[in-house]
Each structure stands twice: as C-alpha cells, then as structure tokens.
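Order of the sequence lines sets the chain letters (A, B, ...), proteins ahead of strands, with each chain counted from 1.
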Protein chains: 2
Amino acid sequence: MRPDVHATATERLEAVGQRYTEQRRRLVELLQREGQPLTIPDILRGLPDMKQSSVYRNLADLEQADVVRRVATEEEFGRYELTEDLTLHHHHLICRSCGRVEDITIPVDLERNVDRTLDRVARRSGFASVAHRLDLIGTCRECAASPG
Amino acid sequence: MRPDVHATATERLEAVGQRYTEQRRRLVELLQREGQPLTIPDILRGLPDMKQSSVYRNLADLEQADVVRRVATEEEFGRYELTEDLTLHHHHLICRSCGRVEDITIPVDLERNVDRTLDRVARRSGFASVAHRLDLIGTCRECAASPG
DNA sequence: CTTCCTGCAAAAGTTTTGCATTAAC
DNA sequence: GTTAATGCAAAACTTTTGCAGGAAG
C-alpha cells in the first residue's frame, strides 16, 4: 500500500515550516473518508465546530504543502481533494445538473495512450512538466431520474 | 466552414426570447477574436466601456442561450469561451504558474479512443449523455523562462 | 406600447486579512 | 520562550439583484 497519509502530511508541512495540527488532521481525514472532492460548504457541514476562517486558511496551507489540491469546477466556491499521490491517479464524473463529483479510474491502456500523446502535444507548444485532467461531464443517475 | 457565429447567436437567443444586442455581439466578437477562454477581468479590459454588471448579465444570458460556456478553472473568477459547436472541439493547455489558457487540438484517433472508452466507463456508473473535458496542466514557455 | 436591456447603486456570497490569544515545539 | 495556529470580526473581492430610464421590436 501507499505510505501513510498522515505521515506524509506531517513531512510535507514540516518541509514548508508548518505543523500538522489537530484541525489539519481532521481536514485530511474528512477528505480521505469522503473520497471525493468536497466544497467548502461540504467541509463546514462535515466539521461543524471548525471555524470558517480556519477551514480556508488550513486548506490554503495544505495546498501549499501539496497535501490537498483545489479542483477546477464551474461552481462558485472551491472544491478540494487530497493530492493525487496520496490517493490514486483518477478522474472525475461531474454531473452538470447537481454538480456532484465522483471519482473514477479509466483503463490503464487508455491512460497510457493519453499520457503519451498529450506529452507530445504539449512539447510542440513549449509546455513543460505536463499533467492531465480528464473529466467526464454528464447527468448522474439521480438527476436523470428526477430532473430539476 | 461552420455557420455564421452571429446568425447562430441570434437564433439561439431568440429561441429563449432574447435579443442579440450590440453589447452581446461585442462580447461574442471579443471571445471569437481572442480565441481562448477569457476571465471577467480580461473582458472588462477588452471592452473598457462596458459596465461590469452588463458583462455578468450578458454572459449569463449568452450561456443560457448556449452561445458561450463557462470554463472550469481553479481561479477565483469566471472564464468564458464560445460554445464548442461555434468553434471546434478542442482542449486546453493551462499554465499552473500564470493561469494562461491556450486552445489546442489533439490527434483524432486519440480523441476517438477517449470518447469511446469514456462512454463505456460512464455507462458503468449510470452517467448519461457524457461529454469529456481533457486539459493539460503544465508550465508555459514564458513562465519556464522567468519563474516567479 | 410592450418587452427586454442597460446603468447605477446597493446587496449578497465567497474568500482573505489583522490582531490578540492560544497552542505546539 | 519562540514560532506558528486559531478565533473573532472586519475587509476585500467576485457576482447578483432592484429599480428607474432607455432601446428594440
């Protein structure tokens, strides 16, 4: 299995002169438990006694330490998940109706094909150290059943 | 070539009971001219005499008429581009340092492979009518040259 | 002349910041 | 003890909204 998430978080925070406090650990645990990108409101709901300013500040610090990352969405507030190397490389199924984000993996051969090709495409444009983001946009089962 | 952008915009706006006004045409022209997703500040800079509230309102209307769409980024403000069928199916090169977004296309066979595979993956999860979003995240030539 | 659009200003919502206090090392 | 994290409240910034005046059909 992969190295312990908390040990890694501690290391990475220390590397930038910061501490793995109780609150930060609780944020990481929540993100790990939910296993999918959470919005700020989600997080506030999941950790009701954590102050809003602490949530923002700690997520910013965790992001800088490369423990979490902000996920790009069309929504009005941020969504965060654990950094990829603390989970597994994966993609998102995004429901365009309710905004729900679900983690998925895709076949390894497609993954490899995508990686190789994009690397070539990027090099042509002078882009370096490229990662990819491959998301699926559609309508989830529930929204298909009860539109609105 | 594809049908005229302005004719299409007119149609689609009329379909939802709205008009293709001067301001909306200028927004479409700017997005067309720049050929890449623009942030609200970009747009305000590009159309200095357009009021901020009009920009927001018109982009919202154009989005509802399916003439423009909001692009997902990790930034704090919105980015918009013309709807895909008014341009061509494409992807984005996103610089993680300066945030610049550049349009690219990828080889058709990869495109087809991605499409087919994702369709299968989505179906397994109960997702319907799936589109994909495939972006490249890296460092652009300029930021690689002068980091900061 | 009716409907939609625009400008202005104010409000709402999300995120950031200052500062005194508390906790971690 | 020294440095970093937290809580609280206020501020900053992005986006939305109400309403009166103006333009379009």
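For the contact set between residues 40-51 of chain A and DNA chain C, defined by any heavy atom under 4.0 Å, the members are A:I40. Within residues 69-83 of chain A, the residues having any heavy atom under 4.0 Å from DNA chain C are, by residue number, A:R70, A:E76, A:F77, A:G78.
Taking atom CG of B:L59 as the reference point, atom C1' of D:dT16 lies 13 Å away to the nearest angstrom. Regarding A:Y56, its OH atom lies at a distance of 16 Å from the P atom of D:dC13, rounded to whole Å.
Judged as a ring pair (Phe, Tyr, Trp, His ring centres under 6.0 Å), and not counting sequence neighbours, the contacts of B:H132 are B:H89, B:H91. B:Y20 meets the ring pair (Phe, Tyr, Trp, His ring centres under 6.0 Å) test with B:H6; sequence neighbours excluded. Judged as a side-chain hydrogen bond (donor to acceptor under 3.5 Å, both in side chains), and not counting sequence neighbours, the contacts of A:D49 are A:R26. Taking A:D119 as the reference, A:R123 meet the salt bridge (Lys or Arg N to Asp or Glu O under 4.0 Å) condition, with sequence neighbours excluded. Under the rule for a salt bridge (Lys or Arg N to Asp or Glu O under 4.0 Å), the partners of B:E29 that lie at least two apart in sequence or sit in another chain are B:R25. With sequence neighbours excluded, the residues forming a side-chain hydrogen bond (donor to acceptor under 3.5 Å, both in side chains) with B:E81 are B:R69, B:H90, B:H92, listed by chain and number.
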Ignoring hydrogens and angles, write down the donor-acceptor pairs under 3.5 Å from the side chains of residues 33-40 of chain A, residues two or more places apart or on other chains.
unit_1	atom_1	unit_2	atom_2	d
A:T39	OG1	A:D42	N	3.0
A:T39	OG1	A:D42	OD1	3.3
A:T39	OG1	A:D42	OD2	3.1

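Here the closest non-hydrogen pair linking B:I94 and B:V101 is CG1-CG2, 4.3 Å. Between B:N113 and B:T117, the closest heavy-atom pair is O-OG1, 2.7 Å.
For DNA chain C, the span of nucleotides reached by chain A at under 4.0 Å from its heavy atoms goes, 5' to 3', from C:dT14 to C:dA24.
Sorted by first then second residue, the salt bridge (Lys or Arg N to Asp or Glu O under 4.0 Å) pairs that include residues 50-59 of chain B, not counting sequence neighbours, number zero.
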Open item on the list: If you apply the rule salt bridge (Lys or Arg N to Asp or Glu O under 4.0 Å), what do you find for B:R133 with A:E74, and how did you get there?
Closed with: CA-CA 12 Å; B:R133 175 167 86 192; A:E74 279 121 18; 3.5 Å; yes

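Applying the 4.0 Å criterion to OP1 and OP2 of D:dA5, one finds that A:N58 has every side-chain N and O outside that range.
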Open item on the list: What does the B/S/- profile of nucleotides 18-25 of chain D look like, 5' to 3', with a 4.0 Å heavy-atom cutoff to protein?
Closed with: BB----B-

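Side chains of A:L30 and A:L47 form a contact here, defined as non-hydrogen atoms less than 4.5 Å apart.
Within 4.0 Å of A:D61, counting heavy atoms only, lies no atom of the nucleic acid at all. Heavy atoms of A:Q52 sit under 4.0 angstrom from at least one base atom.
For A:Q64, the CD atom counts as loosely surrounded, since its 6.0 Å shell holds 12 or fewer non-hydrogen atoms of other residues, nucleotides or ligands.
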